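This report concerns only the one structure given below.
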Amino acid sequence: MAVDVRAGLEKLAVRLGGQGAALTEAQRLSGGASMETWAFGFDGAGGPERLILRRRSVPFDPESARSVSLATEAALIRATEAHGARVPHVRHVCGEADGLGEAYVMVRVDGETLGRKITSDPRFDAVRPALARQCGEALAGIHKTPPPPGLGLKAIDGKGELDRYEEVYRATGAQRPILELAFQYLRRHTPEPVEPVLLHGDFRNGNIMFDPEAGVAAVLDWELAHIGDPAEDMGWICTNSWRFGRPDRPVGGFGDYADLLAGYAAAGGRAIDLRRVRFWQMLGSLRWGIMCLTMYLSWRDGAEKSVERPMIGRRVSETEADLVVLLEEGL
Amino acid sequence: MITHPTTEELVESVRLWIDQIRPGLDPRNAFLARVAANALAAVGRELSEGPAAEAEAVRLMAGLLGHEGTFEALNAELCAAIRGGDMTVETAGLLPALHVMAKHQLAIDQPSYRPEGAGPRP
């Protein structure tokens with residue numbers, strides 16, 4: 001059933017802003033196949049508010065989905081905020097009466113999320129040297145948050161992740177020697193499991209709102225949150241596919257490992273060995289390569305006919321070029 | 001069979017046309033048009049560089065496996081050897097050969113990508 005989002009937002013303005021609150025803006029910002037983001041605002045009893053609506057436009061299947069529900073996302077953002085993490089403030093979790101389907105509302109945070117701007121735009125030159133440390137601090141806040149009970153978050157460790165992605169890779173039928181070697185190497189170098197913590201799950205340059213003066217403003221896009229090894233979140237932001245043309249700066253294309261780890265420790269995170277981060281970084285490249293393969297397959301199998309998909313399939317070779325260097329260097 | 005226009009030129013002409021009409025498209029289609037133009041650029045590079053890259057991959061894999069074969073057969077055998085543990089990062093010549101193959105494929109697919117170990121864009 002089609003949802004009239006604009007009408008829903010008008011109703012929501014009254015619900016949140018009180019009788020007479022009228023929309024001052026409502027604009028769809030972006031959207032993937034299943035998720036919509038709307039910027040909207042109203043003048044209400046408590047003054048003007050600038051908000052973001054995040055809503056799912058296709059039904060959520062908790063059995064097959066890798067992602068969590070939006071209600072779970074909102075609960076995690078609230079829990080981590082209470083532990084000092086820099087996250088958007090959740091204003092409202094939508095219910096049946098809102099007529100917007102699965103959705104929640106957060107207070108708008110200004111800044112920049114485009115990875116290439118963060119790594120290369122002169123506006124970020126002054127703050128850039130501080131960002132890796134701030135990312136470490138941000139992660140410590142997330143990781144020390146006890147996962148709220150009852151959310152059914154999935155638990156993942158290195159071996160489980162390798163098993164899962166190898167199964168996906170085998171099912172594609174692709175034969176790529178470098179991916180084979182990466183699987184073999186990572187299986188032989190899987191670190192011992194550690195006490196699992198709450199993970200963001202998609203912590204990378206592109207999913208973080210940065211302010212040109214203050215740095216990390218808010219950690220966004222919580223749909224892949226799960227329980228696991230704290231080094232997983234660190235390795236993902238160090239994966240070269242998210243360095244946007246600056247492989248010489250391993251953390252997000254803007255900083256160094258040492259600053260990430262120092263910020264994490266200073267904010268109360270447990271000591272983490274760089275080798276463990278490098279394991280997850282290599283697994284990050286491998287995982288992104290296989291995700292690119294599956295996106296191509298969704299085109300080949302007719303599920304998604306956009307020209308974007310087969311071209312993403314050609315990004316597998318970027319991960320191979322990264323993996324072969326990581327394999328030469330060793331963990 | 002013919003010399004003019006070449007396959008490369010046909011692909012390039014379509015790519016240029018997409019670039020011409022892009023400014024008039026809505027944001028979603030402008031984005032997809034850019035992807036389409038990139039796809040044709042990759043086809044163009046594959047037409048010009050692909051045969052030499054594949055010939056070198058065949059030569060390198062034949063060297064590793066100790067016998068001749070087609071690209072498909074050698075590639076499948078190499079994957080099986082790695083999967084079975086007969087070849088590892090310690091195997092003499094394996095990583096250097098894979099490095100060359102990866103570099104050539106990246107040059108076709110995404111020449112602007114800066115892989116691990118590369119410096120900033122000059």
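Values in this document were obtained by computation on a predicted structure and should not be read as measured data.
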Practice item. Please flag which part of B:Glu46 lies under 4.5 Å from any non-hydrogen atom of chain A: side chain, backbone, both or neither. Key: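 Answer is side chain: those atoms of B:Glu46 sit under 4.5 Å from chain A.
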Practice item. Identify which part of B:Met61 has an atom lying under 4.5 Å from any heavy atom of chain A, answering side chain, backbone, both or neither. Key: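 For B:Met61, no heavy atom lies under 4.5 Å from chain A.
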For the pair [X] (side chain) and [Y] (backbone), establish whether a donor and an acceptor sit closer than 3.5 Å, ignoring hydrogens and angles.
X	Y	value
A:Asp322	B:Glu116	yes
B:Asp109	A:Val316	no
A:Glu180	B:Leu78	no
B:Asn75	A:Arg176	no

May I ask you to test the [X]-[Y] pair for a side-chain heavy-atom distance under 4.5 Å?
X	Y	value
A:Arg314	B:Gln105	yes
A:Leu181	B:Leu95	yes
A:Val325	B:Pro115	no

Within a radius of less than 6.0 Å around [atom1] of [X], do more than 12 heavy atoms belonging to other residues, nucleotides or ligands occur?
X	atom1	value
B:Glu68	CD	no
A:Glu192	CD	no
B:Arg34	CZ	no

Point to revise | Note: B:Arg114-A:Glu318 ion pair, threshold 4.0 Å (strictly below) | key: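 A salt bridge is absent here (no side-chain N lies under 4.0 Å from a carboxylate O).
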Practice item. Considering only NZ, NE, NH1 and NH2 on the basic side and carboxylate oxygens on the acidic side, decide whether A:Glu308 and B:Arg28 come within less than 4.0 Å. Key: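 Yes, A:Glu308 and B:Arg28 are salt-bridged.
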What's the spacing between [X] [atom1] and [Y] [atom2] if we round to 0.5 Å?
X	Y	atom1	atom2	result
B:Arg83	A:Leu179	CZ	CG	13.0 Å
B:Leu40	A:Met311	CG	CE	9.0 Å
A:Ser317	B:Tyr113	OG	OH	9.5 Å

Check your understanding: Of all of B:Ala118, B:Ala102, B:Cys79, B:Pro96, which one pairs up most often with chain A through heavy atoms under 4.5 Å apart?
Key ->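 Top option by heavy-atom pairs under 4.5 Å: B:Cys79.
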Point to revise | Closest non-hydrogen atom pair, B:Ile82 against A:Pro177 | key: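 Where B:Ile82 meets A:Pro177 most closely, the heavy atoms are CD1-O, 3.6 Å.
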Exercise for review: List the atom of B:Ala36, the atom of A:Val307, and the distance in Å for their closest heavy-atom pair.
Suggested key: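 Where B:Ala36 meets A:Val307 most closely, the heavy atoms are CA-CG2, 4.2 Å.
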Point to revise | Contacting region of A:Arg187 [heavy-atom separation from chain B under 4.5 Å] | key: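 For A:Arg187, no heavy atom lies under 4.5 Å from chain B.
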Point to revise | A:Arg243 versus chain B, the contacting section by heavy-atom distance below 4.5 Å | key: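 For A:Arg243, the contact with chain B is made by the side chain alone.
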**Study point:** Top contributor to chain B interface from A:Glu329, A:Glu320, A:Gln184, A:Arg246 [non-hydrogen pairs under 4.5 Å]
**Key:**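 Looking at each of A:Glu329, A:Glu320, A:Gln184, A:Arg246 in turn, A:Gln184 comes out on top.
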Exercise for review: Count the heavy-atom pairs under 4.5 Å between each of A:Ser120, A:Ser285, A:Ser241 and chain B, then report the option with the highest count.
Suggested key: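 Answer, by heavy-atom pair count under 4.5 Å with chain B: A:Ser241.
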